[in-house]
Amino acid sequence: MKKDKRLCNPEPGLSGGTLAVPLGRARTGAAVREWLVPLLMVLIPVLTLLDAKGGWYWPLWALATVSALFIALEGRHAPAAVRRTSLVLAVITVGLLPMIDAPWQALQRGIRIGGLIASLLVTVNLLSRVALRIVRVREVVGGLYQLPQHRRYLGLTVASQFFGGLLGLAGIAMMMEMAAREADMTDAQKVSAFSAIARGYAAVSLWSPIYSNMSIALALYGGPDWVGVLPYVLAVSALLMGLGLLLDRVERPCIPGSDSPADPAGGGPQVQRVGPLLRQALPVVAVMLCFLGFMVLASRQLALPISAVIIASAPVAAWLLSVALASPGHRRLTEGSRMLGKDFLGFKVMVGEVMMFFASGCAGTVIASAIPPAWTGTVGQWVAGSPILGSLFISAAIVLLSATAIHPMLSAVLIGSSFSPQLLGLPVGAHLCAVLTGWGLAIIVTPFSVLSLMASRYSGIPILVISLRANLVYVTLAVLVSSLLLGGMSRFISLP
């Protein structure tokens with residue numbers, strides 16, 4: 001029996017010959033990627049902090065290079081729709097650059113916005129993931145859904161100010177996840193609960209420095225700081241919360257079972273009393289407020305934007321929490337650090353968000369610079385002399401633009417940059433509040449936002465029902481009443 005020569009003398013490509021080179025290169029590329037991607041993820045917040053310090057130009061362009069390399073290496077993991085949208089925005093940005101005045105300045109602003117968001121994402125995400133492991137935190141959130149129906153909406157809205165305000169979108173996601181576990185809730189009760197969380201998000205995104213909304217809005221103006229505008233954004237935030245509570249009381253009789261008293265001894269769902277829940281939540285709230293106070297104090301003492309303080313302090317706080325949650329023993333530091341490292345590497349899955357925010361930031365600033373002054377000047381003439389109309393135009397334009405499937409961030413940057421406070425005759429503080437109001441409301445009403453997709457996924461309710469139908473009346477009224485408030489403050493109070 002003859003032996004096949006191919007078995008005795010296999011071709012070079014089958015035995016480490018010509019095909020071994022590509023295989024070796026693939027292994028080398030994977031090894032390089034293992035250490036290069038984490039390095040790039042570390043460099044993004046570091047370069048953002050160096051850029052915030054000011055005085056140098058190289059950190060910004062280094063940030064652009066590092067972010068572009070990170071997106072190039074991990075971009076294939078982003079959803080196809082995000083890749084296509086980001087590519088379209090990038091093409092528009094490049095095409096418009098030669099047609100505008102001061103193109104590099106506009107591009108720098110966009111890169112700075114994208115880097116700021118990416119840095120907040122990676123650092124706040126670390127702190128949020130660790131905080132969500134704390135048993136007491138999850139018990140407090142679970143107790144909110146055991147409150148009587150007439151108290152649940154208020155409880156969820158107020159809780160979102162703390163869990164969303166200091167844990168970011170991860171805190172909102174945790175509240176939605178816990179709501180999805182409540183098997184006794186009807187669809188109408190789910191819509192009420194998820195609406196409370198979403199509307200609470202719209203309110204908290206106005207004032208919380210954890211969200212990129214406030215940081216980006218401040219970056220558009222360059223003058224005011226977070227503490228200076230805090231009283232005014234808190235006033236609008238309280239107005240949005242009060243409006244939501246009023247609508248809930250009007251709509252509650254239409255929710256089946258909403259007024260029926262619970263019977264904890266009769267086999268019904270157990271009812272959570274407000275007093276014990278508040279006592280259980282008090283240590284959690286106290287720690288959150290202390291951390292917020294520390295960031296404000298550090299920002300004032302170091303003369304740094306509060307976003308820079310968050311980027312620097314959140315990883316340290318996350319590491320301390322990880323060590324505290326690790327098993328007691330001499331390996332506690334090692335286990336806590338390993339847990340934090342695992343959380344940090346999980347940021348790679350957010351490459352789609354990084355891609356979209358860089359594309360939206362650059363496109364928003366460049367497109368705003370390309371809009372003819374005659375167009376924006378016409379709008380300025382229409383609303384000149386009326387702070388109410390000016391505020392109404394800003395907020396409503398952001399909401400309507402987002403309804404066309406344009407990302408809310410791009411809409412906010414585009415409208416805020418194109419129609420300046422000077423053009424509309426608005427104080428900077430009122431203009432900033434109007435931008436933040438429109439941005440927050442656009443996120444909860446448009447079916448194209450991450451928040452709406454998250455609410456639909458957790459609740460099992462169609463996305464148009466849980467976003468547009470549930471919040472259309474609320475958003476319409478919120479735009480109107482917030483414009484009246486901002487117009488009144490503009491006339492009678494000296495806004496910065």
Would you check if the side chain of [X] reaches a backbone N or O of [Y] as a donor-acceptor pair within less than 3.5 Å?
X: T85; Y: V82; result: no
X: W226; Y: W207; result: yes
X: T93; Y: L89; result: yes
X: S449; Y: V445; result: no
X: S299; Y: M295; result: no
X: Y145; Y: M175; result: yes
X: T365; Y: A106; result: yes
X: S420; Y: G416; result: no
X: N471; Y: S467; result: yes
X: S452; Y: T446; result: yes

Can you tell if the side chain of [X] reaches within under 4.5 Å of the side chain of [Y], non-hydrogen atoms only?
X: V399; Y: W439; result: no
X: L120; Y: I210; result: no
X: V435; Y: I415; result: no
X: I394; Y: S391; result: no
X: S360; Y: V413; result: no
X: I371; Y: L414; result: yes
X: K190; Y: I461; result: yes
X: S483; Y: L480; result: no

Item to check | Working for side chain to side chain contact (heavy atoms under 4.5 Å, CB included), residues Y232 and L486 | outcome: CA-CA 9 Å; Y232 310 107; L486 291 175; 5.8 Å; no
[X] versus [Y], closest heavy-atom pair with distance:
X: T157; Y: G200; value: CG2-CA, 4.2 Å
X: L401; Y: I406; value: O-CB, 3.6 Å
X: G164; Y: Y211; value: O-OH, 3.0 Å
X: T48; Y: G115; value: OG1-O, 3.4 Å
X: R136; Y: R279; value: NH1-O, 4.4 Å
X: G165; Y: V204; value: CA-CG2, 3.3 Å

Checklist entry - Which of these, L206, L436, L230, sits in a side chain to side chain contact (heavy atoms under 4.5 Å, CB included) with S237? => result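 The single option meeting the side chain to side chain contact (heavy atoms under 4.5 Å, CB included) with S237 is L206.
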Checklist entry - Should we say atom CZ of R457 is surrounded by more than 12 heavy atoms from elsewhere, each under 6.0 Å from it? => result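 It does: R457 CZ has more than 12 such atoms within range.
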Item to check | R138 atom CZ: more than 12 heavy-atom contacts under 6.0 Å | outcome: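 It does: R138 CZ has more than 12 such atoms within range.
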Checklist entry - So, S411 versus S402: side-chain donor-acceptor pair below 3.5 Å or not? => result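 A donor-acceptor contact under 3.5 Å links the two side chains.
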Checklist entry - Is the closest side-chain donor-acceptor distance between Q146 and E182 under 3.5 Å? => result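 Indeed, the side chains of Q146 and E182 share at least one donor-acceptor pair under 3.5 Å.
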Next on the checklist: Can you tell whether the side chains of D343 and R133 come within less than 4.0 Å, N to carboxylate O?
Outcome noted: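 Yes, charged N to carboxylate O under 4.0 Å.
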Item to check | Audit row: L167, M288, side chain to side chain contact (heavy atoms under 4.5 Å, CB included) steps and yes/no | outcome: CA-CA 9 Å; L167 297 181; M288 289 180 172; 4.2 Å; yes
In Å and rounded to the nearest 0.5 Å, what is the [atom1] to [atom2] distance from [X] to [Y]?
X: M176; Y: S459; atom1: CE; atom2: OG; value: 8.0 Å
X: S322; Y: L340; atom1: OG; atom2: CG; value: 4.5 Å
X: I113; Y: M409; atom1: CD1; atom2: CE; value: 5.5 Å
X: L426; Y: L432; atom1: CG; atom2: CG; value: 11.5 Å
X: L156; Y: R151; atom1: CG; atom2: CZ; value: 13.5 Å
X: T476; Y: L472; atom1: OG1; atom2: CG; value: 4.5 Å

Checklist entry - Stepwise, does the side chain to side chain contact (heavy atoms under 4.5 Å, CB included) test hold for L468 with I463? => result CA-CA 8 Å; L468 183 62; I463 191 169; over 6 Å; no
Checklist entry - Does the ring center of Y458 lie less than 6.0 Å from the ring center of F194? => result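 Between F194 and Y458, which both carry aromatic rings, the centre distance is not below 6.0 Å.
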Checklist entry - Got a sec, which residues hit ring-ring contact (aromatic ring centres under 6.0 Å, His included) with F358, two or more places apart in sequence or on another chain? => result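 If we apply the ring-ring contact (aromatic ring centres under 6.0 Å, His included) test to F358, skipping adjacent residues, there are no hits.
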Next on the checklist: Among residues at least two apart in sequence or on other chains, which ones pass ring-ring contact (aromatic ring centres under 6.0 Å, His included) with F393?
Outcome noted: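 F393: ring-ring contact (aromatic ring centres under 6.0 Å, His included) contacts with F419.
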Item to check | Pair N213-I443, side chain to side chain contact (heavy atoms under 4.5 Å, CB included): steps then yes or no | outcome: CA-CA 11 Å; N213 302 33; I443 290 175; 4.1 Å; yes
Item to check | Cationic tip of R199 above Y474 ring, under 6.0 Å, 45° of axis | outcome: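 Yes, cation above the ring, under 6.0 Å and within 45°.
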